[in-house]
Every structure is written in structure tokens, then in C-alpha cells.
Enquirer: 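Quick one: the structure is below, questions incoming.
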Amino acid sequence: MTFTVLTLFPEMFSALLLGGIIKRAVESKCIAIETVDIRDFATNRHRTVDDRPYGGGCGMVMKPEPLARAIRHAKQKHPEARTVLLTPQGRLFDQRVARRVAQYTGLVLICGRYEGVDERVSLLVDEELSIGDYVLTGGEIAAMVVIDVVSRLIPGVLGNVRSADEESFSSGLLEYPQYTRPRSFEGAQVPDILLSGNHLAIKQWRRRVSLARTLAKRPDLLFRESLTPEDIEFLKKIHRDIEAIIERHMQAP
Ligand code: 4GN
């Protein structure tokens, strides 16, 4: 996978090479991260990339022409790549979108700055993505989020330590809790079951904790997911337990 980032601040992306899994993925050629400085595609003496908004208002708008030339330059080098604009108006970038996007051989990530990007740029992109409902000062951090999330889905990027699809959100549920030594930490114990050596019981316990956690913290996720008959039985048990508690409180307040 090749990520080509169109930005006014290419130096920001060197942060990805400072350490960790993304640095290793670049070194082992599982992924490549290229940057294109949008300012290199400005044509006037001052290399202007912004201008005042039509209709008035404060702040500046990113001019369409340098961005359009930068996009065409990137598409020429990577004709098979999908072009993506990072914007709060985009479709939510979640783990499901990440899995789809990870199938492309190239992604051109377009990072806006100032108070906005000329609307006509959206006509030149394949897709608009948003990493969440908040506004950043530029698209760069959003692009880094996309690079990080997509990269760990590329074969070879994660070691065999832990496969990307045995974890949270691939199952569609929240992660079960993890523990390591010591067995007792500031009075808090590691659950006995994890020391039992009974792998089947551990697997069932983890699934149940994932289900209970998801129900408590992110019930919205349970609407999307495929649950087994055993999952459903466990959730029904929780439901019955809660109803018994409520019943008890109604009788003796
Ligand atoms: C993307 C870009 C948030 C996101 C951004 C997001 C830069 N903020 N939620 N800011 O993914 C004005 C010009 C806002 C570009 C844009």
C-alpha cells in the first residue's frame, strides 16, 4: 500500500517514522508514505495557495488550482490509487471503512488547511472521509489516523504477536480485558479463570466479558453485529438478572 499525502506541511509526516509499527512497516516495504507539497503546485511568484472567500466572511479558503494540479500529479504517478479528502463532511471512517480502504493498492490523502477548501475540489476526489465529529486545524492529523488504522490491516505489518482480526471491532465487540504480571497489583487481582489453564473456559469467559462490556458501554455496536445463539443466551441471562433486580426494588424500595 502506498499512501501519497497532499499537504502544505509535509514535515508533519516524518512523525510517523520516529518509531513503532508504522516506522517498521515502511522499512520492511509493507507500506510507503510519500508526501506532495501542495505549494509546489502554486504558479505565482508568492506561491499563493489561499484566497478570500466569495460572499465575504472571515478567514481564507484554499484555492482549487494548486490542489487540482497536485491531485493530477499524484494520480499520474499512482493511476490505481483512490483519492480521499479528509473533511468533517466526509463519511465516518470506522474499522469497516478501514477494511474496505485497505484493499486499494494506493491512497491519495488530501489535507486541507485554513477555514475551508474550495467546494469544487470535492468534484475531483473519489471519496470524502471524516475521522469523527470535530474540527481539526488541518487534515494532516486525520490523514495520519487513516494511515495508522489502514496500515495495521496490511498483511505483514503486524507481527504474529496478535492478528488484526482476532481483536476488538473485527468481532464488532469491545475488547476483553488483558492482564499481565504481577497477579496482584495495588490490591487488584487477575481473574482466577485466566490462571486456570482451561483454554475453553478462558475463551468463553473472554467472549462473555466482551459482550457484557459492549452492552454496558457501547450498546449501539450490538445492533450491527452477528451474534451466535450462545451469545444471545448469555445476553438474555443478563437481561433476566437485571429484571430480577428491578423487580426486587419495586417491591421493597
Ligand atoms: C478533517 C479535517 C476534521 C476532519 C479537518 C475530520 C481541516 N477537521 N473530522 N480540518 O476528519 C477546514 C479546511 C477544515 C480543511 C479542514
Side-chain angles (χ1 to χ4, degrees), residues 1-16 22 31 33-44 46-75 78 81-104 106-154 168-169 218 220-221 224:
M1 165 73 79
T2 299
F3 300 97
T4 307
V5 187
L6 277 45
T7 171
L8 289 170
F9 299 101
E11 14 8 300
M12 283 180 72
F13 290 82
S14 54
L16 295 169
I22 301 303
I31 63 166
I33 303 172
E34 302 174 353
T35 56
V36 172
D37 189 340
I38 296 164
R39 200 175 292 280
D40 289 344
F41 294 85
T43 45
N44 69 336
H46 291 106
R47 308 219 297 159
T48 310
V49 291
D50 62 336
D51 204 345
R52 289 167 13 235
Y54 272 119
C58 52
M60 298 293 270
V61 175
M62 216 155 158
K63 288 169 67 60
E65 306 97 315
L67 215 36
R69 280 192 286 270
I71 293 168
R72 291 196 177 104
H73 168 85
K75 279 292 269 185
H78 303 286
R82 186 150 176 99
T83 55
V84 171
L85 176 67
L86 287 314
T87 163
Q89 284 147 64
R91 165 163 3 147
L92 182 69
F93 175 74
D94 61 10
Q95 197 68 33
R96 196 183 294 190
V97 172
R99 262 175 268 160
R100 170 172 62 78
V101 157
Q103 305 303 310
Y104 297 108
L107 274 188
V108 176
L109 299 168
I110 303 154
C111 307
R113 280 275 158 171
Y114 310 109
E115 276 61 61
V117 175
D118 187 298
E119 186 63 28
R120 293 163 292 183
V121 169
S122 61
L123 301 170
L124 308 176
V125 308
D126 296 319
E127 187 167 4
E128 296 184 339
L129 292 178
S130 165
I131 61 161
D133 289 340
Y134 35 74
V135 182
L136 301 162
T137 57
E140 285 79 8
I141 290 174
M144 288 188 218
V145 168
V146 171
I147 292 170
D148 193 279
V149 174
V150 170
S151 291
R152 55 192 298 294
L153 300 176
I154 306 293
S168 179
F169 280 116
R218 292 292 309 279
D220 56 302
L221 297 177
R224 291 178 159 210

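When a ligand or atom number is given, it counts from 1 through the structure's own listing order.
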Enquirer: With heavy-atom distances below 4.5 Å as the criterion, would you say the side chains of Met12 and Thr35 are in contact?
Expert: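 Not in contact.
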
Enquirer: Identify each donor-acceptor pair in which a side-chain atom of residues 142-149 lies under 3.5 Å from a protein atom, sequence neighbours left out, and give them as a table.
Expert:
none

Enquirer: Is a donor on one side and an acceptor on the other found under 3.5 Å between the side chain of Lys63 and the backbone of Asp118?
Expert: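 Side chain of Lys63 to backbone of Asp118: no pair is present.
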
Enquirer: Output all residues satisfying side chain to side chain contact (heavy atoms under 4.5 Å, CB included) with Arg52, sequence neighbours left out; order by chain, then residue number.
Expert: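 Only Met60 meet the side chain to side chain contact (heavy atoms under 4.5 Å, CB included) criterion with Arg52.
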
Enquirer: Between side-chain atoms of residues 82-91 and protein atoms elsewhere (two or more places apart, or another chain), which donor-acceptor pairs fall under 3.5 Å?
Expert:
unit_1: Arg82; atom_1: NE; unit_2: Tyr104; atom_2: OH; d: 3.2
unit_1: Arg82; atom_1: NE; unit_2: Glu127; atom_2: OE1; d: 2.8
unit_1: Arg82; atom_1: NH2; unit_2: Glu127; atom_2: OE1; d: 3.3
unit_1: Thr83; atom_1: OG1; unit_2: Asp126; atom_2: N; d: 2.9
unit_1: Thr83; atom_1: OG1; unit_2: Asp126; atom_2: OD2; d: 3.1
unit_1: Thr87; atom_1: OG1; unit_2: Gln89; atom_2: N; d: 3.0

Enquirer: Taking any residue with a non-hydrogen atom under 4.0 angstrom from an atom of ligand 1, which ones do you get?
Expert: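 The answer is Leu86, Thr87, Pro88, Gly112, Arg113, Tyr114, Glu115, Gly116, Ser130, Ile131, Gly132, Tyr134, Val135, Leu136, Gly138, Gly139, Ala142, counting any residue whose heavy atom sits under 4.0 Å from ligand 1.
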
Enquirer: Would you check if the side chain of Ser130 reaches a backbone N or O of Gly132 as a donor-acceptor pair within less than 3.5 Å?
Expert: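 Yes, the answer is positive, given that a donor and an acceptor are paired below the 3.5 Å cut-off.
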
